[in-house]
Novice: 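Structure below; questions to follow.
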There are 2 protein chains.
Amino acid sequence: MPKTSDTSPPRRVTAAEVAERAGVSISTVSKALSGRGAVRYETRQRVLEAARDLNYQSNEVAVSLLAGKTNTVGVITSDRLGRLTSPVLLGATETLAEHEIALLLCDGRGDRIREQYFVDSFLRRRVDGILVTGSGIFGRDTIRVDLPIPVVYAMAWSKDSRDASVVPDDGAGARSAAEHLLATGRTKIAFVSGRRDDATTIRLANTREVLTSSGLRLAHEPLIGQWSEGWGRQAGLQLLKSGVDFDGVVCGNDQIARGVVESLRENGVAVPQAVGVIGFDNWDVMVEASRPPLSSVDLSLHEVGQAAARTLVEAIGGDGMQPGVRRVACHVVPRESTSTA
Amino acid sequence: MPKTSDTSPPRRVTAAEVAERAGVSISTVSKALSGRGAVRYETRQRVLEAARDLNYQSNEVAVSLLAGKTNTVGVITSDRLGRLTSPVLLGATETLAEHEIALLLCDGRGDRIREQYFVDSFLRRRVDGILVTGSGIFGRDTIRVDLPIPVVYAMAWSKDSRDASVVPDDGAGARSAAEHLLATGRTKIAFVSGRRDDATTIRLANTREVLTSSGLRLAHEPLIGQWSEGWGRQAGLQLLKSGVDFDGVVCGNDQIARGVVESLRENGVAVPQAVGVIGFDNWDVMVEASRPPLSSVDLSLHEVGQAAARTLVEAIGGDGMQPGVRRVACHVVPRESTSTA
DNA sequence: TTGAAAGCGCTAACAT
DNA sequence: ATGTTAGCGCTTTCAA
């Protein structure tokens, strides 16, 4: 039974060894490699060569200890890396990578105790900042006051007004969605969403606002159920059976929208000819599989992650941090479910 | 414009400060807090109290430097944290958290150059091990030979036989799927999958094997297209138009299965009465939204992540590591699309 | 039982 | 231009 450990692992090379091989002192090695001190060209070449020969890799742990910073940020996610959190996280990794900052990932599972535990762990590991992210756009409790490092919330914004948060501007997104339906000639708009939470409330309010300012109102009471296709189908049927006249539906997410579209189609109502339907999230799998493909509001989650990371990096850099909730623009991605062709 | 930085961040407390407050030496503080040295009960109480009062948090960077290990592993994912990678990652975080090991996350985007860059970054940061994960169950190149730390691959297995990988046993999964169809009374089985890759090849071969050993064969040439619902619908139609008699379909993933189910249903073929359909992945969103709900092969991705992390932790602990590909059992989750009611 | 001292690997003043 | 020295914050011998 061969074990990988048969071959003893290569020893870790230190600056001292490089120094010896290059015939210089340790500090000269440091200067030569960092390019920060005055070193004769020829000497530097010798050092570089020695470092390469020995495959030297500086010990960032030592550097961190000395510098008092680790070029690392901690990320606490409260959901299980769902389809909403992943793009946020990915956007953050990209921006952080550009700054040579690594990312420690923890899943707090929305449990305060676990979160506190991870925050403490981050502090002991001397991360330079913390990013908190959650699956939905909802207000959450602050992670802790009086932290020696900056904290930024992404998606799930902090209810503490002293904290900085970055979220998609889904209010404006809902406005765009409603305006898009109006722009494609619909005037009798219905609204279907999932649980009555922050997102639903804001989207509903903004949808109503747009209608009101056009002298219109919702064609039917808002239908609130679950965030699922099943509910979308049910809601679609309910709309049909209600007998109210409607020609457009704003849906709380793409699954609901897809369900609505299906139930309409299966009951002989043409989408988009008779009714235009628009969803939220712009989730590729859903919008593409739907027949017809769904128009949807893209939440710019990637940008949210990037913006949150950028804010954090700036705060770490000592530029201070604007508290409050920052909103990143959403945009309508029109597809066939609302086209006027 | 108030800035968070107005209030200067609390200074970091060191063991020296705790020592001073407790009226003991630094080394006594270390012993008292770690519980590793001989300290008088009363002294320890004083130290503990001082530490609590000052809100002392040991600097793990210093500890790491001294110990020569960081209790950190690096994770390189090659896809963008998709629905397949996320559960693997989550499983890994859980197991690692149990061992007080933190996780540095990088997205290599499947780009060798970026991957190498991140590996080097991990090495400089002195991670204790590396976990490599990718979106699909396919063979990939090794990350690098001669690394001073253990590496484990999850999902995307390494083609280098000296590496250790953990993957779902989707071959056995396919066998279970086929057997499940046989067990529910189907004998004329068709096969629909996405791109002809490792996963498709293995699943097809194993499906055939099951049929063969029951004296059966595929009812129709394997249909290979894309990993989408659209393709599933198309394939379903193709099967119907071909005129061949079939009463069961093994599908490469849940999206395809859902497409197949839909096209059958829309063309008057009852699922599961006339035809049983089973998918792969057991993706909640898909299996639940399908009408009827889909039976599917669960890939145990969470367990794959856990197993990979456990393997890595053991290797870090110096227990050596069994090279080769380890397969984690998959299991059929029966739902209505194959029921015999 | 406690403390002094050495040192993990590195950088940055300060000498030379 | 190069080397010497003094730490970063901690753990761990080793003396007392």
Side-chain angles (χ1 to χ4, degrees), chain A residues 10-48 50-51 54-72 100 121-128 148-149, chain B residues 10-48 50-51 54-72 100 121 123-128 148:
Chain A
R11 267 302 303 137
R12 237 78 197 242
V13 182
T14 69
E17 296 171 60
V18 177
E20 191 183 351
R21 178 175 248 260
V24 296
S25 74
I26 298 185
S27 64
T28 300
V29 168
S30 173
K31 286 171 201 158
L33 294 178
S34 71
R36 238 163 323 196
V39 183
R40 189 149 46 100
Y41 176 81
E42 198 183 277
T43 312
R44 145 163 302 155
Q45 295 309 315
R46 272 216 320 287
V47 172
L48 256 44
L54 296 173
N55 189 26
Y56 169 73
Q57 322 209 69
S58 68
N59 185 334
E60 292 300 321
V61 178
V63 175
S64 292
L65 178 58
L66 205 50
K69 61 193 278 285
T70 53
N71 292 319
T72 304
E100 315 247 304
S121 150
F122 284 159
L123 290 176
R124 282 196 305 273
R125 286 171 183 273
R126 296 297 191 261
V127 300
D128 300 328
I149 50 173
Chain B
R11 268 300 304 134
R12 237 76 197 241
V13 181
T14 69
E17 297 172 60
V18 176
E20 192 183 350
R21 178 175 248 258
V24 296
S25 73
I26 298 184
S27 62
T28 300
V29 169
S30 173
K31 287 169 199 157
L33 294 179
S34 71
R36 237 164 325 200
V39 182
R40 190 151 43 102
Y41 175 81
E42 197 184 280
T43 311
R44 145 162 303 154
Q45 295 309 316
R46 272 217 318 289
V47 172
L48 257 43
L54 296 174
N55 189 27
Y56 170 72
Q57 319 209 72
S58 68
N59 185 335
E60 292 301 320
V61 178
V63 175
S64 291
L65 178 59
L66 206 50
K69 62 192 279 283
T70 52
N71 293 319
T72 304
E100 314 247 301
S121 150
L123 290 176
R124 282 197 305 274
R125 285 171 183 273
R126 296 296 190 263
V127 300
D128 301 328

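In what follows, chains are A, B, ... by sequence order, proteins preceding strands, each numbered from 1.
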Novice: Once you round it to whole Å, what is the distance between C1' of C/dG9 and CZ of B/Arg126?
Specialist: 9 Å
Novice: From CD of A/Glu17 over to P of C/dC8, roughly how many Å is that when rounded to an integer?
Specialist: 12 Å
Novice: When the distance from CG of A/Leu33 to P of D/dT2 is rounded to whole Å, what number comes out?
Specialist: 14 Å
Novice: Separation of B/Glu20 atom CD from D/dG9 atom P, in whole Å?
Specialist: 15 Å
Novice: Could you give the CG-to-C1' distance, from B/Leu65 to D/dT11, as a whole number of Å?
Specialist: 11 Å
Novice: Return whichever of A/Ala62 or A/Ile26 has its heavy-atom-nearest nucleotide of DNA chain D closer to the 5' end.
Specialist: A/Ile26
Novice: As a quick check of understanding, evaluate side chain to side chain contact (heavy atoms under 4.5 Å, CB included) for B/Leu33 and B/Tyr56, giving each step before the final call.
Specialist: CA-CA 11 Å; B/Leu33 294 179; B/Tyr56 170 72; 3.5 Å; yes
Novice: Step by step, would you call B/Arg126 with A/Asn59 a side chain to side chain contact (heavy atoms under 4.5 Å, CB included)?
Specialist: CA-CA 7 Å; B/Arg126 296 296 190 263; A/Asn59 185 334; 3.6 Å; yes
Novice: Just checking B/Tyr41: base, sugar-phosphate only, or nothing, at a heavy-atom cut-off of under 4.0 Å?
Specialist: nothing
Novice: Once you round it to whole Å, what is the distance between C1' of D/dT2 and CZ of A/Arg44?
Specialist: 14 Å
Novice: Classify the nucleic acid contact of A/Thr14 as base, sugar-phosphate or nothing, counting any heavy atom under 4.0 Å across all strands shown.
Specialist: sugar-phosphate
Novice: NA contact type, B/Ala38, heavy-atom cut-off 4.0 Å: base, sugar-phosphate, or nothing?
Specialist: base
Novice: Would you say the side chain of B/Ser27 and the base of C/dA4 hold a donor-acceptor pair, judged only by whether the two atoms sit under 3.5 Å apart?
Specialist: yes
Novice: Answer with base, sugar-phosphate or nothing: what part of the nucleic acid does B/Ser64 contact at a heavy-atom distance below 4.0 Å?
Specialist: nothing
Novice: How many whole angstroms separate atom NZ of A/Lys31 from atom P of C/dA15?
Specialist: 14 Å
Novice: Minimum heavy-atom separation for B/Arg125 to A/Thr72, with atom names?
Specialist: NH1-OG1, 2.9 Å
Novice: Could you check whether A/Val29 gets within reach of a base, just the sugar-phosphate, or nothing at all, counting any heavy atom under 4.0 Å?
Specialist: nothing
Novice: What's A/Ser34 touching, base or sugar-phosphate or nothing? Going by heavy atoms closer than 4.0 Å.
Specialist: nothing
Novice: Check the phosphate of C/dG3 against B/Thr28, side-chain N and O only, distance under 4.0 Å to OP1 or OP2. Yes or no?
Specialist: yes
Novice: Please state whether the phosphate of C/dC10, meaning OP1 or OP2, lies under 4.0 angstrom from any side-chain nitrogen or oxygen of A/Tyr56.
Specialist: yes
